[in-house]
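See structure below.
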Amino acid sequence: MRVLILGGDGYLGWPTAMHFAAAGHDVGAVDNYARRRIASETDSLPLFATPDLAQRAQRFEATSNHHIDVWIGDCTDYAFLSEVVRAFQPEAIIHFAEQPSAPYSMKDFATARFTLNNNLNTTFNVLWAIHEHAPQCHLVKLGTMGEYGTPNIDIEEGWIDIHHNGRQDRFLFPRQAGSLYHTTKVLDTDLIWFYVRTWGLKCTDLMQGPVYGLFTPQSRLDKALLPNFHYDDIFGTVLNRFIVQVAAGVPMTVYGKGGQVRGYLNLLDTLQCLELAITRPPADGELRILNQFTETFSVNELAERVKDAAAGLGITADIKPIANPRNEKEEHYYNPKFTGFKALGLKPHPLTSEVLAEMIDYAVSLKDNIVPKRIFPRVSWN
Ligand code: USQ
């Protein structure tokens, strides 16, 4: 299959590009290095430097003999994106090309404006490029579990049947996000649903939870092929941050009461979910929404697990709750459905002490790279 990955230099985009190329697909990867720019501007560089997308693709080809086509450009530029789609003729587009940090979106007016413009305009351009140049293409869009927020009812898989005054219909499940970044994903979903209804596109919207991990069969081939690993407050996701905090000998930064529950998954399961989504596409005119996580944990439970795994390595890890920089519920009901990917055949990789130990070991080997001032929250929601 011809698979185009937008945001191909990212934490998820790069492992995805290698995964699909290794599986024998024709892969194109597009990126404008926005994350690298923001990381540099906000002093949020990752645990180790990674080669740029063109260099990574060359290294991957030299190591594995699999080719990845690379385009460096901005998906908010319609002339650029539509030409890539016209020339490559993708059968599937995996759209990761968004500003992914909730804290960055809440930093100031300029970062909020950038997040809104970048995320909405990219999704809008992708929909138009598919409509004009590849109408049979399956759009696989990375949304987020954060679109739903933390409602006091069970979270369905994208849709809910509503009975009202003796009649009933099916609607998008109510969304109430907790940051501007998460809100842009809500707006993306509405935009996609509008064009699916209007043009009959086929789309899969993935409601993904926070991802952890570093190692995939391809990233293990060569250290230069590892994904960007952030531990800073801007781009680092909570479990990856805790791992590096333990390696640095800094107490784990549980925000507030630590009862915030989210659905987590291993990077390996992101790849598996994408493969399942692409090889089993929805029908024309269907917006399929799949919840993408494998296990739910509170922040306190995650910290305890990391602490136990560290103890197994002879490392004493501390947990220190700090004031929550975010506006979010710290104790709440959370029961999201997770049936779609199970039905498609997902075999989850659970968060075991072995998985944690391997990550902690790797972070400890790079202890000298850790810059403590990148760890503590620098952005407040207020
Ligand atoms: N948290 C802590 N301590 C920390 C960092 C985070 O207690 O040091 C808490 C947060 O307050 C939150 C939870 O951990 O309650 C998850 O935070 P996160 O930073 O791992 O995740 P989030 O900001 O929601 O965003 C990440 C990705 C985003 C993706 C989202 C999935 O950056 O791109 O969409 O996970 S979800 O959380 O399901 O919306």
Side-chain angles (χ1 to χ4, degrees), residues 7 10-13 35 38-39 44 95-107 115 118-119 141-151 155 175-186 188-189 205-213 228-246 248 250-265 267 270 290-304 306 319-332 334 336 338 372 374-381:
Y11 173 56
L12 304 177
R35 181 201 48 87
I38 294 170
S44 303
H95 171 17
F96 290 132
E98 301 215 347
Q99 192 296 97
S101 161
Y104 186 73
S105 77
M106 301 298 290
K107 188 171 171 292
T115 304
N118 182 78
N119 294 4
K141 160 72 172 42
L142 190 74
T144 168
M145 282 299 290
E147 292 185 36
Y148 302 123
T150 51
I155 295 173
R175 270 119 164 112
Q176 38 191 1
S179 76
L180 179 72
Y181 152 72
H182 290 92
T183 301
T184 62
K185 298 257 171 169
V186 174
D188 283 338
T189 296
D205 201 351
L206 301 171
M207 300 297 119
Q208 183 170 249
V211 182
Y212 58 85
N228 334 298
F229 193 77
H230 280 275
Y231 63 95
D232 52 271
D233 63 319
I234 302 287
F235 288 115
T237 49
V238 60
L239 185 56
N240 290 350
R241 280 168 54 70
F242 284 176
I243 300 276
V244 173
Q245 290 168 7
V246 166
V250 170
M252 284 179 271
T253 55
V254 168
Y255 292 169
K257 292 183 183 149
Q260 303 92 311
V261 184
R262 301 287 184 270
Y264 292 87
L265 72 166
L267 178 56
T270 293
L290 297 167
N291 293 347
Q292 186 163 316
F293 64 92
T294 58
E295 297 170 284
T296 57
F297 300 106
S298 69
V299 177
N300 286 328
E301 285 167 342
L302 277 184
E304 288 296 339
V306 175
I319 301 171
K320 185 172 173 208
I322 59 173
N324 195 337
R326 306 182 180 201
N327 282 337
E328 62 184 356
K329 290 182 201 150
E330 295 173 3
E331 285 169 328
H332 57 89
Y334 200 63
F338 170 53
R374 293 179 187 153
I375 289 176
F376 300 99
R378 294 168 289 184
V379 175
S380 157
W381 263 226

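Every number for a ligand or one of its atoms is a count from 1 in the order of the listing. Everything numeric here is computed off the predicted structure, so don't read it as measured data.
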Response to the item:
atom 32 (O) of ligand 1 has as its nearest protein heavy atom P100 O, 3.3 Å

Worksheet item: Nearest to atom 21 (O) of ligand 1, what protein heavy atom do you find, and at what distance?
Response: P210 CG, 4.0 Å

Worksheet item: Who's the nearest protein heavy-atom neighbour of atom 9 (C) of ligand 1, and how far?
Response: V299 CG2, 3.8 Å

Item to complete: Below 4.0 angstrom from a heavy atom of T237, which ligand 1 atoms are there? Numbered from 1 as shown, please.
Response: 20 (O), 26 (C), 27 (C), 32 (O)

Fill in: Y264 and F297 aromatic ring geometry - parallel, tilted or perpendicular at 30°/60° bounds
tilted

Fill in: Nearest-neighbour protein heavy atom for atom 8 (O) of ligand 1, which is reported as residue plus atom name and distance
T253 OG1, 2.7 Å

Worksheet item: Just by distance, with hydrogens left out, do T189 and E147 show a side-chain donor and acceptor under 3.5 Å apart?
Response: yes

Discussion item. Could you go through E328 and Q260, starting from their C-alpha distance and side-chain angles, then the distance that decides it, and tell me whether this counts as side-chain hydrogen bond (donor to acceptor under 3.5 Å, both in side chains)?
Written reply: CA-CA 8 Å; E328 62 184 356; Q260 303 92 311; 2.8 Å; yes

Item to complete: For Y181, counting its heavy atoms only, list the atoms of ligand 1 lying under 4.0 Å from any of them.
Response: 28 (C), 29 (C), 33 (O), 34 (O)

Worksheet item: OH of Y231 to CG of N240: how many Å apart, nearest 0.5 Å?
Response: 12.5 Å

Response to the item:
Between the NZ atom in K185 and the CG atom in D205, the distance rounded to the nearest 0.5 Å is 8.5 Å

Discussion item. Tell me the contacting part of E328 for ligand 1: side chain, backbone, both, or neither, using a 4.0 Å heavy-atom threshold, strictly below.
Written reply: side chain

Worksheet item: Nearest protein heavy atom to atom 23 (O) of ligand 1, by residue and atom, and its distance?
Response: R326 NH1, 2.8 Å

Worksheet item: Which of the numbered atoms in ligand 1 are below 4.0 angstrom from a heavy atom of A102?
Response: 23 (O)

Worksheet item: For ligand 1, which atoms have a heavy atom of G146 less than 4.0 angstrom away?
Response: 36 (S), 38 (O), 39 (O)

Worksheet item: Evaluating non-hydrogen atoms only, which member of M207, R262, H182 is closest to atom 24 (O) of ligand 1?
Response: H182

Worksheet item: Tell me, which protein residue and heavy-atom name are nearest atom 30 (C) of ligand 1, and how many Å apart are they?
Response: T144 OG1, 3.8 Å

Practice prompt. With heavy atoms of Q208 as the reference, note each atom of ligand 1 found under 4.0 Å away.
Written response: 31 (C), 38 (O)

Worksheet item: Are the charged groups of D233 and R374 less than 4.0 angstrom apart, N to O?
Response: no

Worksheet item: Looking at residues at least two apart in the chain, or sitting in another chain, which of them share a ring-ring contact (aromatic ring centres under 6.0 Å, His included) with Y255?
Response: none

Worksheet item: Got a salt bridge between R35 and E98, using NZ or NE/NH1/NH2 to carboxylate O under 4.0 Å?
Response: no

Discussion item. Ignoring hydrogens and geometry beyond distance, is a side-chain donor-acceptor pair present between N300 and E304 at under 3.5 Å?
Written reply: no

Worksheet item: Are S298 and R262 close enough that a side-chain donor and a side-chain acceptor fall under 3.5 Å?
Response: no

Discussion item. Looking only at protein heavy atoms, which one is nearest to atom 20 (O) of ligand 1, and what is the separation?
Written reply: V238 N, 2.8 Å

Worksheet item: Which residue owns the protein heavy atom closest to atom 1 (N) of ligand 1, what's the atom, and how far is it?
Response: Y255 CD1, 3.5 Å

